[in-house]
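Inspection log for the structure reproduced underneath, given as structure tokens.
Predicted model, so just to flag it, every value in this text is computed and none were measured.
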Amino acid sequence: MPYRRLPTTDKARLRALEAALKKVNAITTRNIPFAKHSIEELQSVKNQFENTLKHYELNIKQQSDNNKHYKATQETARLYLSHFIQVLLFASERGEINGGLKYYGSLLDLGGKVPALNTEQEILEWGRTIVNGEQNRVRQGGSAIYSPSIALVKFKLEEFSDAAIFQQNLKRNTLRAFEKMQQLRKTTNDFISQLWTEIESHLELEAGSEEEKRALAEEFGIVYVLRRKERKLLQQQEEVENVEEPKEEISLEGKAEEKPTFVQRDLFMQFN
């Protein structure tokens, strides 16, 4: 006996709602197999689910598209900051930095190595430390470092910071839309289940057989699935029906091929 299966994906839910609505619009009100007030609710649930799904997919697309810009600005900021720190360390090693590295936080504790700049937090935190340290050192009379200049490094860091903030906002929007979709999926499935139950109960009185009832119910979008044993049994039945009866073959063995017999006669002319 096939069992009824509720939709498990967003597209399947939308197909179920659209199928029911399409069938309702194609028949008279008297033949609709569920309460009349459910028609307006069906239209409302379908519109709400469709609009929310489009909004959710739009948020995902915006986040994905902006992620390329975010990654690009992150790599650029990391590159400029890393190069500036390398130039700073080389200048310090040559003794060209007034006051040494005391202006740059814990950079002195790294033993002349460039700090890890792999994550957003590391880039922004070290960026603030290096920019503030360089500005304080220059105010104390130190010579500015160029190639790259701290002004250009600061600009690239601010550009990355803006991109990171925008990306975080997109992530929050996507998360809110996802949570809303999760709630709506449950309520939509509950509505579809209740609607299908009403349809089946009504068709139980009209249909003559289970097969006829299922055929009519499927027109309203109800999905039935065969169990594994039922699928195997149905497959076996189809194989049996497709087997053709062997045709009787007529054997020609033992039958001599009949050939026409020609009698040749010689005509003699007798002369007396």
| field | Non-hydrogen atoms of W196 and G221 that approach each other most closely | value | CZ2-O, 3.2 Å

| Check: T52 side chain, Q48 main-chain N or O, donor-acceptor pair, under 3.5 Å | yes

| field | Non-hydrogen side-chain atoms of R13 and F49 separated by less than 4.5 Å | value | yes

| field | Validation row: D190, S193 side chains within 4.5 angstrom (heavy atoms) | value | no

| said: Do L110 and L108 sit in one hydrophobic cluster, given that two such residues count as connected whenever their side-chain heavy atoms are within less than 4.5 Å of each other, even indirectly? | reply: yes

| request: For F191, look at atom CZ and say whether over 12 heavy atoms of other residues, nucleotides or ligands are found less than 6.0 Å away. | output: yes

| said: Test your reading of the model: is there a side-chain donor-acceptor pair from S149 to the backbone of I145, 3.5 Å cut-off? | reply: no

| Minimum heavy-atom distance P148-V153, with the two atoms named | CG-CG2, 3.9 Å

| message | To the nearest 0.5 Å, what is the distance between CD on E18 and CZ on R15? | response | 9.0 Å

| task | Would you mind checking if E57 and K54 are paired as a salt bridge, meaning a charged N to carboxylate O distance below 4.0 Å? | result | no

| note | In terms of heavy-atom contacts, L157 and G127 come closest through CD1-CA, 3.5 Å

| query | Taking it one step at a time, do E125 and T129 satisfy side-chain contact (heavy atoms from CB on, under 4.5 Å)? | reply | CA-CA 6 Å; E125 287 183 354; T129 299; 5.6 Å; no

| query | Would T187 and Q183 count as a side chain to side chain donor-acceptor pair (under 3.5 Å) if you check the C-alpha gap in whole Å, the side-chain angles of each, and the deciding distance to 0.1 Å? | reply | CA-CA 7 Å; T187 57; Q183 298 175 357; over 6 Å; no

| said: Taking E75 first and then R78, would you say they form a salt bridge - that is, a charged N and a carboxylate O separated by under 4.0 Å? | reply: yes

| query | Do E159 and K154 come within less than 4.5 Å of each other through their side chains, counting heavy atoms only? | reply | no

| request: Compare all side-chain heavy atoms of R137 with those of Q140 and state whether any distance is below 4.5 angstrom. | output: no

| request: Measure across A12 and T8 and return the closest heavy-atom pair with its distance rounded to 0.1 Å. | output: CB-N, 4.4 Å

| field | N/O donor-acceptor pair under 3.5 Å between Q135 side chain and N132 backbone | value | no

| query | Any chance OH of Y224 has more than 12 other-residue heavy atoms, nucleotides or ligands included, within less than 6.0 Å? | reply | yes

| field | Interatomic spacing from NE2 in H55 to CZ in R176 - rounded to 0.5 Å | value | 8.0 Å

| Cluster link I123 to L79, ILVMFWY, side chain under 4.5 Å | no

| Do the non-hydrogen side-chain atoms of L6 and V223 ever get within less than 4.5 Å of each other? | no

| field | Common cluster, V114/V87, ILVMFWY with side-chain heavy-atom separation under 4.5 Å | value | yes

| Student check: side-chain heavy atoms of E134 and Y103 closer than 4.5 Å | no

| What are the two closest non-hydrogen atoms of L89 and G112, and how far apart are they? | CD1-O, 3.4 Å

| Which pair of heavy atoms, one from N118 and one from E122, lies closest together, and at what distance? | N-OE1, 2.8 Å

| field | Heavy atoms of other groups near Q182 CD, more than 12 under 6.0 Å | value | yes

| Heavy-atom neighbours of R5 CZ exceed 12 at 6.0 Å | no

| said: Would you compute the distance between atom CG of N173 and atom CZ of F178 and round it to the nearest 0.5 angstrom? | reply: 15.0 Å

| said: Treating S106 as the side-chain partner and D109 as the backbone partner, does any N or O pair qualify as donor plus acceptor under 3.5 Å? | reply: no

| field | Verify same cluster id: L124, L152 (apolar side-chain graph, 4.5 Å) | value | yes

| field | Audit row: L216, K213, side-chain contact (heavy atoms from CB on, under 4.5 Å) steps and yes/no | value | CA-CA 5 Å; L216 292 173; K213 187 192 80 171; 6.0 Å; no

| query | Side chains of Y56 and K180: closer than 4.5 Å at any heavy-atom pair? | reply | no

| message | side-chain contact (heavy atoms from CB on, under 4.5 Å) for L107 and I130? Distances and angles first, verdict last. | response | CA-CA 9 Å; L107 185 62; I130 297 301; 4.1 Å; yes

| Is the gap between the ring centers of F160 and Y70 under 6.0 Å? | yes

| query | Honestly curious: do V138 and L101 fall in one hydrophobic cluster under the side-chain, below-4.5 Å linking rule? | reply | no

| said: Given 3.5 Å as the limit, does a donor-acceptor pair link the side chain of T174 with the main chain of L170, or not? | reply: yes

| field | Atom pair CD1/CD of I165 and E120 - distance to nearest 0.5 Å | value | 9.0 Å

| request: For the pair K46 and E50, find out whether any cationic side-chain nitrogen is under 4.0 Å from an anionic carboxylate oxygen. | output: yes

| said: Test your reading of the model: is there a side-chain donor-acceptor pair from T188 to the backbone of L184, 3.5 Å cut-off? | reply: yes

| Distance (rounded to the nearest 0.5 Å) between Q167 CD and K171 NZ | 5.5 Å

| Taking the side chain from N47 and the backbone from Q43, do they hold a donor-acceptor pair closer than 3.5 Å? | yes

| message | Please report the interatomic distance CD1(I85) to CG(L117), rounded to the nearest 0.5 Å. | response | 5.5 Å

| said: Evaluate L195 against F220 for side-chain contact (heavy atoms from CB on, under 4.5 Å), listing each step before the verdict. | reply: CA-CA 10 Å; L195 184 69; F220 288 89; over 6 Å; no

| said: Quick one, N59 and Q62 - any side-chain contact, counting heavy atoms below 4.5 Å? | reply: yes

| query | Is the backbone N or O of L88 less than 3.5 Å from a side-chain atom of S92, with the two atoms forming a donor-acceptor pair by type? | reply | no

